[in-house]
Amino acid sequence: MRFIVCIKQVPDTAEVRINPETNTLIRDGVPSIINPYDMHAIEAGLALREKVGGKVTVLTMGPPQAETALREALSMGVDEAVLLTDRAFAGSDTWATSYTLFKAVTKLGFDLIICGKQAIDGDTAQVGPEMAEFLKIPHIAYVKAIEHIDEKNIIVQRMMDEGYDVVKSTIPVLLTVVKELNIPRLPSLKGKMFAKKAEIKKMTREMISAEEENVGLKGSPTTVQNIFAPEIKKDRKLFTGTTDEQVNQLIETLRGLKCL
Amino acid sequence: MLIIIEQDKCIGCAVCIESCPYSAIVMTDEKASINEYCQLCRACLNVCPEGAIVERTETSDIQVSHDLSTYKGIWVFAEQRDGYVSAVSYELIGEGRRLAGELKTNLSAVLFGSSEKEAEELIRWGADQVYWCDDPIFEKFNDEPYSQQFVSLINEFKPAIILCGATAIGRSFMPRVAARVRTGLTADCTALQIDKETGNLIQIRPAFGGNIMASILCPNHRPQIATVRPRVMKRGDYKEDRKGEIIKIRAVNLNSNTEVLNSHKEPSYCKVNLQEAEVIVSGGRGLGNAKGFELIEELASLLNGSVGASRAAVDEGWIAYSHQVGQTGKTVCPKIYIACGISGAVQHLVGMSSSDIIIAINKNPEAPIFNVANYGIVGDLYEVIGLLIKRLKETKG
Ligand SMILES: Cc1cc2nc3c(=O)[nH]c(=O)nc-3n(C[C@H](O)[C@H](O)[C@H](O)COP(=O)(O)OP(=O)(O)OC[C@H]3O[C@@H](n4cnc5c(N)ncnc54)[C@H](O)[C@@H]3O)c2cc1C
Ligand SMILES: Nc1ncnc2c1ncn2[C@@H]1O[C@H](COP(=O)(O)O)[C@@H](O)[C@H]1O
């Protein structure tokens, strides 16, 4: 079976902060990482390959330096890595990104595509399902367990707001996965050696026959108008005095709010 | 919006290169320039000693492919589970009503499956009309039939704006719709506005893990689609006698390659559902151990509230994930939110900052939670809560 795992390189948002005075990101050496959810997607691809055999390809659309992310995936045991990189992809929103990935996976060929649930920089969770629509294949979002797979069908558990559904789908299908699915493996020594010298396949817009008007800024229906710091409430009040007095003030406040 | 480096001002000092989290600034011919990997994060804006890095607002040169003015009205996708319309749909109708007033247009709800009774409820909550398609295929949620039917409705009736809950269902099938009709989709919005000049929908959402907010436009494509977080919009007025029209829709040729074999509901750990609670008492890492939640629970029950938690507390294993509030947990907006031993990281704040009243108890006066709190007590939470519980018990007799 042919598995394609889509991964994205993102800044570690846990370490990104905004300076409220200047409205800019404070970024002291924020490292780039593989989107955490995509680590689970890679693991899912590897685990399924071990079960039914086949080949796992990781694919990313990004700048040349995203090669680092691909090499990390290779060190985990992925067979092949593809970097989609072209100046024309500049400023892609989710529509243009999923269109571009759709063109690339069509070229590569696949049975199963695995994406992370969402990328932590944008948190949109849209690229996977949009790509499935372009491919005219089904998708199942928020997969937390894979119960069964054979040549024709897959049965998975998908997270819902109040529990989970057991869903069966025909193959080909696209899955987006959550962290409950598995624990990503660490790179092996052999994997690291392989990753170091493995060739990364590069693909450009022309190579995947993507029309210019559908990629990058031009292909993106949405635009970012503005970025600003989250709002902070101003009418705050600290209680004062001994703990005893503060608790009394709090109780008075709760009473005033008709909470008691 | 674009960020560019004014080439005549650039002295080639390269200090900006390091500031970019995406490595999108490159040196060519001793001048810096920003390439296509720029994500508009603005990290570089103030680092240039020459002030050569500037923002440009440029209207994009995308050709408007079809006549936008033929798209009219606001739609709310009314999500149903087990036949019942979910709470977020009523919130969206409240918000949709407000936007429709501003644009002087109609508000419609779209309901798949469920019952005529639920469709009538949508009108009482404020919809002018309901497009209702009750084909049995919609009983369980499958992405393909939902998106196929929705796309067909869009093509026929051409709404200008569509709002949908940012729920497991909405966030799964709406991207397919946006891909098919070739329009933008903004995920997980927390505020919506109308641009006074253009009438465009300004969609506001957190990005970078809630560290910054972004406003997003979809100027040249229609419809403008947004998924909106549950519990951030206020419901409108319910009027028993409000009249509206229910338009029955016949299902188009729907097919599905997926099938829901069965559904499992998770038992709720709380007496009161967290997202419906009027009072929430939340505990964080400051509790120090799992036992601390017994105290939180006691306080919550005295106030008839529910128990929330920060991710740190959940990660420590002190309490179940279903209690987690924040970016990767639940969004709540109770009347009163009491944060105990929670520092107030943005990822936590995005989940609770729209609560009516926030009360913080923290021993560190510098904790950011005090920036959003209406009332604060600086002190040891065990001492404060212990005393509080004692007093509350006394007053209750
Ligand atoms: C992608 C991403 C998503 C995230 N999603 C979420 C999310 O959904 N929800 C969430 O909550 N977090 C989330 N986080 C984590 C978030 O960044 C913080 O790490 C977390 O909220 C911190 O929890 P805390 O405030 O309980 O712990 P801490 O930051 O460790 O704060 C503990 C506080 O307790 C105080 N304290 C200690 N002892 C006492 C005492 N005896 N009495 C009174 N006060 C005391 C301390 O002064 C301190 O302010 C996310 C992070 C990332 C990167
Ligand atoms: N540029 C990209 N290249 C490859 N995969 C991507 C890219 N952007 C998003 N994805 C995939 O789509 C998922 C959802 O991303 P998003 O819609 O941006 O939240 C990610 O977890 C990845 O699997």
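None of these values were measured; they are calculated from a predicted model. Protein chains get the first letters and strands the later ones, always in sequence-line order, with residue 1 at the start of each.
- Nearest heavy-atom pair across R158(A) and F141(B) is NH2-O, 2.7 Å.
- To the nearest 0.5 angstrom, N226(A) atom CG is 10.0 Å from I216(B) atom CD1.
- Proximity to chain A is limited to the side chain of I336(B), based on heavy atoms less than 4.5 angstrom apart.
- Put simply, of G379(B), G184(B), S215(B), the one with the most heavy-atom pairs under 4.5 Å next to chain A is S215(B).
- Contact check for T223(A) versus P219(B): side-chain heavy atoms found under the 4.5 Å cut-off.
- Of all the listed residues (A132(A), A66(A), A141(A), S32(A)), the one sharing the greatest number of non-hydrogen pairs under 4.5 Å with chain B is A132(A).
- To the nearest 0.5 angstrom, R180(B) atom CZ is 7.5 Å from F134(A) atom CZ.
- Of the listed residues (G128(A), G216(A), S98(A), S169(A)), the greatest number of heavy-atom pairs within a distance under 4.5 Å of chain B belongs to S169(A).
- Across all non-hydrogen atoms, the minimal contact from Q126(A) to A187(B) is OE1-CB, 3.1 Å.
- Using a 4.5 Å heavy-atom cutoff, the side chains of I359(B) and L254(A) are in contact.
- One finds the CD1 atom of I251(A) at 7.5 Å from the CG atom of L387(B) (value rounded to the nearest 0.5 Å).
- Between E144(B) and P138(A), the shortest heavy-atom distance links the atoms OE1-CB, 3.5 Å.
- Rounded to the nearest 0.5 Å, atoms CD (E162(A)) and OG1 (T167(B)) are 9.5 Å apart.
- Taken to the nearest 0.5 Å, the CD1 atom of I361(B) stands 9.5 Å off from the CZ atom of F239(A).
- Using a 4.5 Å cut-off between heavy atoms, L257(A) touches chain B through its side chain atoms alone.
- For the set N262(B), V384(B), I202(B), the entry with the most heavy-atom pairs within less than 4.5 Å of chain A is N262(B).
- Listed options T176(A), I137(A), T240(A), V173(A) were ranked by heavy-atom pairs under 4.5 angstrom with chain B; first place goes to I137(A).
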Could you walk me through whether V247(A) and K390(B) pass the side chain to side chain contact (heavy atoms under 4.5 Å, CB included) check?
CA-CA 10 Å; V247(A) 168; K390(B) 193 166 148 240; over 6 Å; no
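- Of all heavy-atom pairs between A168(B) and M159(A), the closest is CB-O, 4.0 Å.
- Of the atoms belonging to E130(A), heavy atoms from both backbone and side chain fall under 4.5 Å from chain B.
- Per-residue counts of heavy-atom pairs under 4.5 Å with chain B were compared for T253(A), D93(A), T94(A); the largest is that of T253(A).
- In terms of heavy-atom pairs under 4.5 angstrom with chain A, the leader among A166(B), A360(B), G376(B) is G376(B).
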Kindly indicate, with the supporting measurements, whether the criterion side chain to side chain donor-acceptor pair (under 3.5 Å) is fulfilled by D165(A) and S263(B).
CA-CA 4 Å; D165(A) 288 345; S263(B) 301; 2.8 Å; yes
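- In terms of the side-chain hydrogen bond (donor to acceptor under 3.5 Å, both in side chains) criterion, residue partners of E211(A) (sequence neighbours excluded) are, by chain and number, Y99(A), N214(A).
- Neither the backbone nor the side chain of V177(B) comes within less than 4.5 Å of any heavy atom of chain A.
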Show, in sequence, the C-alpha distance, side-chain angles and deciding distance for E259(B) and K168(A), and conclude whether the salt bridge (charged side-chain N to carboxylate O under 4.0 Å, His left out) test is met.
CA-CA 5 Å; E259(B) 182 194 347; K168(A) 179 178 174 183; 5.2 Å; no
Go through it in stages, so that I can follow the logic: the residues are D380(B) and T243(A), the test is side chain to side chain contact (heavy atoms under 4.5 Å, CB included), and I'd like the CA-CA distance, side-chain angles, deciding distance and then a yes or no.
CA-CA 9 Å; D380(B) 181 75; T243(A) 307; over 6 Å; no
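- Shown here for T183(B) and W95(A), the closest heavy-atom pair between the two residues is O-CD1, 3.6 Å.
- In this structure, the separation between CZ on F228(A) and CD1 on I204(B) is 4.5 Å, given to the nearest 0.5 Å.
- Of the atoms belonging to V279(B), it is side-chain heavy atoms, and not backbone ones, that fall under 4.5 Å from chain A.
- Checking side-chain atoms of R205(B) against main-chain N and O of G122(A) turns up a donor-acceptor pair under 3.5 Å.
- Annotation: side chain of I155(A) is in contact with side chain of L261(B) (closest heavy-atom distance under 4.5 Å).
- At least one donor-acceptor pair closer than 3.5 Å links the side chain of H139(A) to the backbone N or O of S172(B).
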Please lay out, stage by stage, how Q327(B) and D123(A) fare under the test side chain to side chain donor-acceptor pair (under 3.5 Å).
CA-CA 10 Å; Q327(B) 191 201 346; D123(A) 282 331; 2.4 Å; yes
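- Per-residue counts of heavy-atom pairs under 4.5 Å with chain B were compared for V10(A), N248(A), T124(A), N153(A); the largest is that of T124(A).
- For A145(A), the side-chain contact (heavy atoms from CB on, under 4.5 Å) criterion is met by Q157(A), not counting sequence neighbours.
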Before you tell me yes or no, could you show the steps for T186(B) and T222(A) under side chain to side chain contact (heavy atoms under 4.5 Å, CB included), namely the whole-Å CA-CA distance, both residues' side-chain angles and the distance that decides it to 0.1 Å?
CA-CA 8 Å; T186(B) 307; T222(A) 59; 4.3 Å; yes
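- The shortest distance between side-chain heavy atoms of S147(B) and E133(A) falls below 4.5 Å.
- Between D161(A) and R171(B), no side-chain nitrogen of the basic residue sits less than 4.0 Å from a carboxylate oxygen of the acidic one, so the salt-bridge criterion is not met.
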